[in-house]
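Notes follow once the structure below has been shown.
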Amino acid sequence: MAEENEKKYITNEDLKSHNKPGDLWIAIQGKVYNVSDWIKSHPGGDAVILNLVGQDVTDAFIAFHPGTAWHHLDDLFTGYHVRDFQVSEVSRDYRRMAAEFRKLGLFENKGHVTLYTLAFVAAMFAAVLYGVLACTSILAHQIAAAILGLLWIQSAYIGHDSGHYVIMTNKSFNRFAQLLSGNCLTGISIAWWKWTHNAHHLACNSLDYDPDLQHIPVFAVSTKFFTSMTSRFYDRKLAFDPLARLLISYQHFTYYPVMCFGRINLFIQTLLLLFSKREVTDRALNFAGILVFWTWFPLLVSCLPTWPERFFFVFTSFSVTALQHIQFTLNHFAADVYMGPPTGGDWFEKQAAGTLDISCSSYMDWFFGGLQFQLEHHLFPRLPRCHLRKVAPVVQELCKKHNLPYRSLSWWEANVWTIRTLKKAAYQARDAANPVVKNLVWEALNTHG
């Protein structure tokens with residue numbers, strides 16, 4: 001009792017006031033920590049902390065960090081506790097679930113997925129080289145291009161897994177796997193992926209904080225983008241100008257064609273980050289990895305005999321990766337959205353509202369990389385993908401208990417939902433351009449969808 005009386009307390013209102021650069025406080029399980037200096041070296045980047053400062057972040061901390069991370073908190077402890085600290089029933093159940101998974105060893109038992117995937121990627125790379133260098137038929141070259149697209153998809157899953165947890169025997173090998181599977185093989189920087197992906201996980205489906213929903217001028221999933229909102233992630237205005245209005249008015253038609261060239265946007269985003277003034281971890285290594293990609297890939301393409309074959313080789317390989325780009329958007333475009341920053345007190349609720357699962361047979365798990373279990377992955381990003389199918393029924397039961405959405409759609413249904421979302425916004429974009437006089441040609445073309 002005496003120890004309890006000796007504790008120093010602040011209120012949640014006091015905690016909220018510590019949300020400015022140089023004065024950044026967070027609370028974890030009622031204890032208050034000063035992360036003003038730590039933010040500069042935080043492995044997950046500064047955005048994830050800046051979006052949650054001044055509040056309790058226990059659920060997010062549990063989701064993103066291994067058990068060893070708790071030991072580092074002592075150095076950041078302010079000596080204060082939150083007096084009016086409360087935990088919702090949903091959060092209590094979520095924390096119990098995470099603790100149970102930890103006791104079962106699910107976070108440490110990674111299976112052999114990485115070994116199998118790396119072997120598969122190596123075999124596909126050999127097949128691509130054989131198809132281009134040893135075969136002369138156009139059909140063989142196109143098959144090689146398709147295999148290369150599949151290689152990029154599977155390599156991206158390796159990069160994704162290694163970005164969330166250590167998939168190799170140690171962190172150094174894990175870092176090598178990231179650079180190899182991301183920068184060297186796909187031409188997409190792991191630094192760019194970490195920067196955007198961590199923010200996406202934290203602010204899942206926030207229109208102004210989640211970069212994975214900010215695709216102006218090409219796509220808009222909500223009419224709120226029509227106000228030219230400011231992206232809090234990119235710190236710039238998302239202008240809904242005449243070009244954006246035109247493109248978005250037809251987005252339900254252009255969705256699949258654009259996905260075929262989505263890879264080009266990722267190349268551009270990678271270069272924009274690496275050439276920016278932002279602090280980028282291992283910038284030189286990221287540049288070196290990108291240079292490796294832009295050496296072997298053009299050389300491989302140049303081995304084809306004619307320019308038309310080279311063009312169709314690149315086109316086919318890029319188009320195959322559209323399957324992955326589509327999958328990523330299916331998981332979120334048709335889910336619930338909101339405005340504003342993420343909050344620490346409704347972690348489970350926001351993840352459930354902002355995600356859609358894709359139902360499939362277990363033999364297709366390799367193809368989806370585990371990300372068909374999108375809610376499970378968002379709740380437990382450190383959980384190896386080999387366990388996601390096992391924990392899905394438990395997550396579903398918890399959602400049912402608290403009357404939260406758990407949506408698992410077939411691939412076809414998810415496509416229908418996504419196109420319906422894009423189509424609705426497209427019509428509203430057209431109406432925003434001409435709210436009084438209806439476009440009769442548009443009406444005639446779209447009467448039956």
Side-chain angles (χ1 to χ4, degrees), residues 1-39 42-103 107 198-199 201-204 206 209 338-354 378-382 394-395 398-399 401-404:
M1 192 70 175
E3 182 181 346
E4 182 70 20
N5 293 331
E6 290 174 3
K7 285 184 178 179
K8 296 186 294 183
Y9 289 95
I10 63 173
T11 65
N12 272 308
E13 287 302 315
D14 294 329
L15 180 62
K16 289 178 183 177
S17 66
H18 295 276
N19 63 352
K20 304 172 185 64
D23 182 26
L24 305 174
W25 289 13
I26 59 173
I28 299 175
Q29 291 189 335
K31 298 178 70 174
V32 180
Y33 301 93
N34 186 338
V35 294
S36 304
D37 295 326
W38 169 244
I39 192 173
H42 182 235
D46 59 354
V48 291
I49 293 180
L50 291 173
N51 287 345
L52 285 176
V53 289
Q55 55 185 310
D56 183 271
V57 301
T58 305
D59 290 346
F61 186 86
I62 289 173
F64 284 107
H65 298 86
T68 54
W70 291 88
H71 304 301
H72 298 289
L73 292 176
D74 292 339
D75 296 333
L76 308 176
F77 184 46
T78 62
Y80 290 104
H81 296 75
V82 180
R83 183 178 298 279
D84 46 349
F85 171 59
Q86 295 181 339
V87 182
S88 70
E89 285 302 312
V90 178
S91 287
R92 290 184 192 278
D93 285 344
Y94 170 66
R95 296 173 194 182
R96 289 193 198 102
M97 186 185 298
E100 185 62 27
F101 291 169
R102 191 172 295 109
K103 288 179 182 177
F107 293 102
N198 287 337
H201 265 268
L202 193 70
C204 179
S206 167
Y209 280 81
Y338 67 99
M339 288 288 295
T343 51
D346 58 358
W347 171 261
F348 195 108
E349 295 91 329
K350 286 285 176 58
Q351 305 303 323
H378 266 253
L379 292 174
F380 305 101
R382 293 185 51 259
V394 184
V395 173
L398 187 54
C399 288
K401 174 182 177 180
H402 294 286
N403 197 28
L404 295 172

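The chain is numbered in sequence order, starting from 1. Small disclaimer: the values here were computed from a predicted structure and weren't measured.
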Taking it one step at a time, do Phe348 and Asp93 satisfy side-chain contact (heavy atoms from CB on, under 4.5 Å)?
CA-CA 10 Å; Phe348 195 108; Asp93 285 344; over 6 Å; no
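The heavy-atom pair separating Leu379 from Ala63 by the smallest distance is O-CB, 3.7 Å.
Evaluation of the ring-ring contact (aromatic ring centres under 6.0 Å, His included) rule for Phe101 yields Phe380 as partners, not counting sequence neighbours. Val48 is linked by a side chain to side chain contact (heavy atoms under 4.5 Å, CB included) to His42, Asn198, Leu202, counting only residues two or more places apart in sequence or in another chain.
Side-chain N or O atoms of Gln55 include one that pairs as donor or acceptor with a backbone N or O of Gly344 at under 3.5 Å. A donor-acceptor pair under 3.5 Å is formed between the side chain of Asn12 and the backbone N or O of Asp84.
Under the 4.5 Å side-chain criterion, counting only non-hydrogen atoms from C-beta, Leu76 is not in contact with Asn34. Contact annotation: the side chain of Leu24 approaches that of Leu50 to within less than 4.5 Å [non-hydrogen atoms, C-beta and beyond]. Arg102 has its side chain within reach of Ile62: a pair of non-hydrogen atoms, C-beta onward, lies under 4.5 Å apart. Side-chain atoms of Gln29 and Phe61, non-hydrogen and from C-beta on, never get closer than 4.5 Å to each other. Within the 4.5 Å cutoff, the side chain of Trp70 has heavy atoms near those of the Leu73 side chain. Side-chain contact between Val394 and Glu100 is absent, with no heavy atoms from C-beta onward closer than 4.5 Å. When side chains are defined from C-beta on, Val90 counts as touching Leu404, because their heavy atoms get closer than 4.5 Å. Side-chain contact between Pro342 and Lys350 is absent, with no heavy atoms from C-beta onward closer than 4.5 Å.
Ring geometry for Phe64 versus His201: interplanar angle over 60°, hence perpendicular rather than tilted (30 to 60°). Classification of the His18-Trp25 ring pair by plane angle, with boundaries at 30° and 60°, yields parallel.
Counting non-hydrogen atoms of other residues, nucleotides and ligands closer than 6.0 Å to NZ of Lys20 gives a total above 12.
Counted by atom type alone, Asp14 and Thr11 present one or more donor-acceptor pairs between their side chains at under 3.5 Å.
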